[in-house]
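The block underneath contains the structure these notes are about, expressed in structure tokens.
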Amino acid sequence: MSAHTIISRTDDAALRMFRSVFTTADAFVFRCVNDRNYTMQQIDGHVQKITGYWPEDVVGNATRSFFEITWHEDTDRVFGIVDDAIAKRIEWDMSYRLRHVDGHPVWIREHAGAVRNGEGEIEYL
């Protein structure tokens, strides 16, 4: 058995465990660009259940950007927390509101961080 086979099996088990958490909990995970819209590259989990939007609606800003569904009064604070954490090279943990597709606020808690490449440049959040 090669090391590649062992890693693949470990990765498969980790992926199954990861998916089981995000299919049973009211949560979602994302990967986005560090831009003004927080352009989603990937989003998975209970996005539709929590926000009313399908993942396809926000990936690539197809019909809405994540920024657009962030509660307007919370956007400056969100940008401030993220920018500060990026500058300090730490993760952030915050709560803020998203605008559900029907218009009501939905509180979410976000724990995230910037993922950097070997040169220290941000690849995604």
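Predicted, not measured: the structure shown is a model, and the values here were computed from it.
- For the pair L98/F66, a side-chain contact is recorded, criterion being any heavy-atom separation below 4.5 Å from C-beta on.
- Not counting sequence neighbours, H111 has no partner by the ring-ring contact (aromatic ring centres under 6.0 Å, His included) test.
- Scanning for salt bridge (Lys or Arg N to Asp or Glu O under 4.0 Å) contacts around R36 gives an empty result, with sequence neighbours left out.
- Connection of W71 to I69 is not established within any shared hydrophobic cluster, with ILVMFWY side chains joined at heavy-atom distances below 4.5 Å, either directly or through further cluster members.
- Considering all non-hydrogen atoms of both residues, V78 and M94 come closest at CG1-CE, 3.7 Å.
- The same ILVMFWY cluster, assembled from side-chain heavy atoms under 4.5 Å apart, contains both Y96 and V47.
- Take Y38 and apply the ring-ring contact (aromatic ring centres under 6.0 Å, His included) test, not counting sequence neighbours, and it matches F79.
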For a quick test of your reading: what N or O donor-acceptor pairs under 3.5 Å do the side chains of residues 52-64 make, sequence neighbours left out?
| unit_1 | atom_1 | unit_2 | atom_2 | d |
| --- | --- | --- | --- | --- |
| D57 | OD2 | W54 | N | 3.0 |
| N61 | ND2 | T39 | OG1 | 2.9 |
| T63 | OG1 | D57 | O | 3.2 |

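- In this structure I90 satisfies the side-chain contact (heavy atoms from CB on, under 4.5 Å) test together with A85, K88, sequence neighbours excluded.
- N34 meets the side-chain hydrogen bond (donor to acceptor under 3.5 Å, both in side chains) test with no other residue; sequence neighbours excluded.
- With contacts defined as side-chain heavy-atom distances shorter than 4.5 Å, the pair V106/T51 does not qualify.
- Hydrophobic clustering places I86 together with I81 (ILVMFWY residues linked when any side-chain heavy atoms are closer than 4.5 Å, directly or through intermediates).
- Using a 4.5 Å heavy-atom cutoff, the side chains of E110 and F30 are in contact.
- Minimum interatomic distance between H100 and I50 (heavy atoms only, all atoms of both residues): CD2-O, 3.4 Å.
- Cluster annotation: M40 is connected to W92 through the hydrophobic network of ILVMFWY side chains, with a link wherever side-chain heavy atoms come within less than 4.5 Å.
- A search for salt bridge (Lys or Arg N to Asp or Glu O under 4.0 Å) contacts involving D35 returns nothing, not counting sequence neighbours.
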Identify each donor-acceptor pair in which a side-chain atom of residues 117-125 lies under 3.5 Å from a protein atom, sequence neighbours left out, and give them as a table.
| unit_1 | atom_1 | unit_2 | atom_2 | d |
| --- | --- | --- | --- | --- |
| N117 | OD1 | E119 | N | 2.9 |
| N117 | OD1 | G120 | N | 3.1 |
| N117 | OD1 | E121 | N | 3.0 |
| N117 | ND2 | E121 | OE1 | 3.3 |
| Y124 | OH | R31 | NH2 | 3.0 |

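- For residues 65-80, every residue pair satisfying the salt bridge (Lys or Arg N to Asp or Glu O under 4.0 Å) rule, not counting sequence neighbours, is listed here: D74-R97.
- Applying the side-chain hydrogen bond (donor to acceptor under 3.5 Å, both in side chains) criterion to D83, with sequence neighbours excluded, gives no partner residue.
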